Amino acid sequence: MSDERSDQKRVQSRAHLLPEEAAAGSDDAPAQADAILAESDAREADRNAAPDTVLERRTSDQTVNPIEPPD
């Protein structure tokens with residue numbers, strides 16, 4: 001199966017609208033699904049591709065204030 005055929009199959013499988021989406025309407029559900037999948041693929045390939053993505057890597061020692069012993 002070619003990549004283009006595989007992509008078309010992915011889009012078709014995700015182009016079905018949920019009831020609340022159908023109520024709001026969609027001019028082109030397959031195009032919407034294609035755009036969503038393309039964005040998802042970009043984020044998966046580059047974890048920093050999503051807007052405002054900040055991945056913090058801190059230990060618990062860096063996230064809490066140490067408790068000071070009583071006087």
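Bear in mind the structure is a predicted one, so any value in this text is a computation, not a measurement.
Within the 4.5 Å cutoff, side-chain heavy atoms of Pro30 are placed close to those of Asp28.
Taken from CG in Asp34 to CG in Asp7, the straight-line distance is 7.5 Å, to the nearest 0.5 Å. To the nearest 0.5 Å, atom CZ of residue Arg10 and atom CD1 of residue Ile36 are 12.0 Å apart.
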